[in-house]
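Structure record follows, encoded as structure tokens.
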Amino acid sequence: MSTETHKSSGQTHQGDGAAKMHRRELIGVVTSDKMQKTRVVLVERRLAHKKYGKYMTSRTKYKAHDEKNEYKLGDRVMIVESRPLSRDKRWRVERLIERPQEA
């Protein structure tokens, strides 16, 4: 095997540290805060049916890491993709967008 076929194509690393990777960002609502350092975030998307064109709401639940246990049920948060933290967690809660008003 030639070493030329295994060369890295694309990113070159400079001496200024690790390369910044583009990470997916999603906005959703915290639906469960019962686990330690983990929040379940529900993300809703509007998409058109391929054949009929009717708009549908697609909902997906993500388990996201919350190091300080600071986000509560009903909070709208931004989550970002990260390395695998456990079997289910591949997302991290980045910041709070809005908190629901308390009665």
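All values below come from the heavy atoms of this structure, side chains included, with hydrogens, waters and symmetry mates left out.
The two residues N69 and K37 have their closest heavy-atom pair at OD1-N, 2.8 Å. Of all heavy-atom pairs between G53 and A48, the closest is O-CB, 4.0 Å. When all heavy atoms are compared, the tightest approach of G74 to P100 is O-CD, 3.5 Å.
If you take CZ on R92 and CZ on R83, they are separated by 10.0 Å, rounding to the nearest 0.5 Å. In this structure, CD in E25 is found 7.5 Å from CZ in R95, a value given to the nearest 0.5 Å. Of the inter-residue distances, the one linking R90 atom CZ with I79 atom CD1 reads 13.5 Å to the nearest 0.5 angstrom. With rounding to the nearest 0.5 Å, the separation of OG in S58 from CD in E44 is 9.0 Å. Distance CD/E81 to CZ/R24: 5.0 Å, rounded to 0.5 Å. Atoms CG and CD, from L85 and E67 in turn, are 9.5 Å apart once rounded to the nearest 0.5 Å.
V40 and L26 sit in two unconnected hydrophobic clusters of ILVMFWY residues. Membership requires side-chain heavy atoms under 4.5 Å apart, directly or through other members. Hydrophobic clustering, with ILVMFWY side chains joined whenever heavy atoms are under 4.5 angstrom apart, groups V77 together with Y62. Cluster membership for L96 and V30, using ILVMFWY side-chain heavy atoms within less than 4.5 angstrom, is shared.
Remark: R46 CZ is packed, more than 12 non-hydrogen atoms of other residues, nucleotides or ligands lying under 6.0 Å away. Applying the 6.0 Å contact sphere to NZ of K89 captures more than 12 heavy atoms from other residues, nucleotides or ligands.
Using a 4.0 Å cut-off between charged nitrogen and carboxylate oxygen, D33 and K72 do not count as a salt-bridge pair. In summary, R99 and D75 engage in a salt bridge, as defined by a charged side-chain N under 4.0 Å from a carboxylate O.
Contact annotation: the side chain of M78 never approaches that of V93 to less than 4.5 Å [non-hydrogen atoms, C-beta and beyond].
A donor-acceptor contact shorter than 3.5 Å is absent between the side chain of D66 and the backbone of R39.
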**Q.** Worked check of side chain to side chain contact (heavy atoms under 4.5 Å, CB included) between V41 and K63
**A.** CA-CA 6 Å; V41 179; K63 288 185 182 171; over 6 Å; no

